[in-house]
J.: 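Take a look at the following structure, please.
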Amino acid sequence: MANLSKKKREEMISFLDSIRSQHSDDESMIAINQIQKELTSKKYGLVWEEHDEEVFTMMNHSIPVFSEEYDREIIMDESFPYNFILEGDNLHSLTLLEKTLRHQIDVIYIDPPYNTGAKDWKYNNDYVDKVDTYRHSKWLSMMSARMKIASTLLKDDGVFICAIDENELGTTLLLIEDIFGPGYTADPIAVVHNPRGVQGDNFSYVNEYAIFVYRKGYKVIGERIVEEEEIDWSPLRNWGSESERSDARNCFYPVYVKDGKIVGFGDVTPNEIHPKQTEFDAETGVYSVYPIDVKGVERKWRYARQTVENIWHLLRAKETKTGYDIELGKNYAPYKTVWTDKKYDANEYGTQLIGSMIPNNEFTFPKSVYNVYDCLYAVLRDRKNAIVLDYFAGSGTTGHALLMLNKNMNANHRFILCTNNDVGEAREKEFIKKVGKIEENPTGWQDWRHLHGIASSVTYPRIKSAIKGFVHSKDFKNILFQKKLTPAVLKNMSKTLKDVDAVIAKYKNDYDDVKMDIDGQTLVVLGVSKKGKNIDGIPANLKYYTTEFVEKESEELTDELLDHVVEMIQVQYGVKVDGQRFVLILSDEDMDSFEERYEENDEIEAVFVSQDVLLTTKQEEILNSLNTYTIPDCYFDFELREVGEIW
């Protein structure tokens, strides 16, 4: 069958060729070539009306950099790696992460705006609503720019996970195929997160989706632990070819059973002894079970005597007419494509949980922490020291889930959360009413929020509470306000009482063991409440960066960029450059100073050295004896070449 579209395009191109022969002036040629380019451009797959994004175009004249907010640093144990919260537009954060963590991320989990038209996300400083004709194309333009960078951050065996609902499920799958290409698989998993349902025109929506994206040919998703009723039982006794006693003599030994339970294992049975399938010791009440089939053939167990105790917990004794058989249960299975569990309820384990951790927050539609936990666990179960990125951090659920996973698995994974601190149109209007208009620039909300000291985001206080501990209760407001700790009182306290000890002293009778941490206008109450359940913290280290900008036309561009190299090193290696354990050397003077005192420092773990430092023979010997890393050109090399600072 003829491809009519292709035929029509060929006819139009032929027509353009005839026009081209008649009009050879520059203006006509440019127009004709542009039309031909559009005609021959991609016609299959996801095609949308692309939009320019101000936060992207501003990088034409400004270079984003990370700047640390030291008062938000949390150090619980210096031996732990550092986690990071990056505040600013996630496009700028991703641009910087591409310079530091290219092909180093194990898991990227995102929960982007679902584009429901509820005015909960912005494009070019305006909230997008249902009547916006370009709602879907704006969303795709926003997602595409970020997903392209994110795809370069993943390891070869890395996994990209995107949470989404029915509003953009189809477009997201097409976008993933467009960006990751045919070498990747995208599996959409349905997660029942709202069993009560949200009524649509014809259906009640109870689920959303988690799309798992991974490179074909890689086994990256582990297997789930199944419930007891799902366990697949099979004989521990081997069968078929090469299954007899003579095929593996150390696989013939007794399994001891008492009162229907396996209580131990005997030694390998000597060749000259030929027992019955089940033998009973009346004195001890113990059965000895051997791998002998119903025909009396002496076979072997599937595990040798020296390894069988490793799977003891997977075995059971099954009673028969003549004694017992031993069965092996497979307590794991591939993940299914529909996840149903009460713990995925976004209300109880999302909204209510955050309400306990951060009183009076107004964050809408947080994920259940167990929803995210299980997504991460499916990938990270057998990994060590992984890096997890979430560039739509929202309420910080990904960071909280990873802290829980670290605790349960005794692991040392670390997270990087990117947040822009948007609060939605309704709450932003409330702030504007009180304070005034937001400045007109691509980062207006962030600048305006800082200017007026508005703590809009829940990401940081939630992670802080998860690290240090909090009081969990479904009726937290009653606990908090039972001694007249009203919102007005709390607000006044946050302004007037700077000394935490003074706050504790004033309200020491309200709680058995109260600790109050004032953070702007947010008061987090920790400790053991008389009615609440105390949740212990999960010790971890945290650094907090904001995104700033250096003008490309600055006369001191190189020096200004060098001022932010330390932040790049810290996020790349997950450390704190403290001059003691982790040392930064940017100049010859730094190197000379380090040479003078390095023998006095026995704590050095790593040294980061600029390529511009000229080393003496002795200095080279010193650095060769240590873990030394050369600061890479990729941090700001492209920008400096672009403006002619280096060649």
Side-chain angles (χ1 to χ4, degrees), residues 105-112 114 150-151 154-166 169-170 172-173 176-177 180 183-195 205-234 311 313-314 328-346 348-350 367-384 386-390 392 397-411 413 415:
I105 303 294
D106 293 82
V107 180
I108 297 176
Y109 178 97
I110 60 170
D111 183 15
Y114 284 4
S151 67
L154 280 178
K155 292 179 174 178
D156 284 347
D157 63 348
V159 179
F160 180 90
I161 306 171
C162 180
I164 204 69
D165 72 0
E166 70 282 351
L169 173 63
T172 302
L173 286 168
I176 287 169
E177 181 180 356
F180 285 89
Y184 280 77
T185 295
D187 287 328
I189 308 303
V191 182
V192 178
H193 72 301
N194 184 2
Y205 294 96
V206 299
N207 72 286
E208 58 184 14
Y209 301 89
I211 305 173
F212 284 72
V213 184
Y214 49 91
R215 192 183 291 273
K216 291 178 179 177
Y218 283 80
K219 173 63 176 173
V220 293
I221 307 300
E223 294 183 302
R224 63 189 176 94
I225 305 298
V226 303
E227 301 295 333
E228 188 171 349
E229 59 270 18
E230 293 183 83
I231 294 178
D232 181 21
W233 295 100
S234 61
I311 60 157
H313 62 292
L314 301 178
L328 172 65
K330 183 182 176 184
N331 69 337
Y332 54 89
Y335 280 88
K336 296 180 179 179
T337 54
V338 178
W339 294 6
T340 56
D341 198 302
K342 291 180 180 179
K343 66 184 179 181
Y344 300 144
D345 189 328
E348 184 169 355
Y349 299 106
K367 280 277 184 296
S368 162
V369 70
Y370 296 107
N371 180 340
V372 182
Y373 181 102
D374 281 359
C375 286
L376 298 179
Y377 179 82
V379 182
L380 298 179
R381 192 183 75 173
D382 297 320
R383 299 200 187 202
K384 304 293 183 184
I387 305 176
V388 175
L389 168 66
D390 182 350
F392 284 102
T397 305
T398 302
H400 189 181
L402 191 68
L403 289 173
M404 292 168 56
L405 191 147
N406 276 343
K407 180 180 180 181
N408 294 339
M409 296 176 60
N410 193 27
H413 307 308
F415 62 75

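Heavy atoms only: backbone and side chains are in, while hydrogens, waters and symmetry mates are out. Here the structure is a predicted model, which means the values were calculated and not measured.
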J.: Determine yes or no for a side-chain-to-main-chain donor-acceptor pair under 3.5 angstrom, with D106 supplying the side chain and I387 the backbone.
T.: yes
J.: Would you mind checking if D157 and R383 are paired as a salt bridge, meaning a charged N to carboxylate O distance below 4.0 Å?
T.: yes
J.: Given side chains that start at C-beta, do those of Y205 and N194 come closer than 4.5 Å, heavy atoms only?
T.: no
J.: Within the distance-only criterion (no hydrogens, no angle test), does the side chain of R381 pair as donor or acceptor with the backbone N or O of E223 below 3.5 angstrom?
T.: yes
J.: Can a donor-acceptor pair be found, under 3.5 Å and without considering hydrogens, that links the side chain of R215 to the backbone of Y184?
T.: no
J.: Under 3.5 Å, side chain of S368 to main-chain N/O of K343, donor-acceptor pair present?
T.: yes
J.: In Å, rounded to the nearest 0.5 Å, how long is the span from OH of Y109 to CG of L389?
T.: 13.0 Å
J.: Taking the side chain as C-beta and beyond, is there a heavy-atom pair between W339 and C375 under 4.5 Å?
T.: yes
J.: Quick one: pull up NE2 in H413 and CG in L376 and give me the separation to the nearest 0.5 Å.
T.: 9.0 Å
J.: Side-chain contact, heavy-atom cut-off 4.5 Å: I110 with D390?
T.: yes
J.: A150: which residues meet the side chain to side chain contact (heavy atoms under 4.5 Å, CB included) condition with it, sequence neighbours left out?
T.: I108, F160, Y391
J.: Could you grab the distance from atom CG of D165 to atom OH of Y209, nearest 0.5 Å is fine?
T.: 8.5 Å
J.: Atom OG1 in T185, atom CD in E177: separation rounded to 0.5 Å?
T.: 11.0 Å
J.: Using every non-hydrogen atom in the two residues, find where V107 and I105 come nearest and quote the distance to one decimal.
T.: O-CG2, 3.3 Å
J.: Return the OG1 to CG distance between T398 and D111, rounded to the nearest 0.5 Å.
T.: 7.5 Å
J.: Say you draw a straight line from OH of Y114 to CG of L169; how long is it, rounded to the nearest 0.5 Å?
T.: 10.5 Å
J.: With Y214, which residues qualify under ring pair (Phe, Tyr, Trp, His ring centres under 6.0 Å), at least two apart?
T.: none
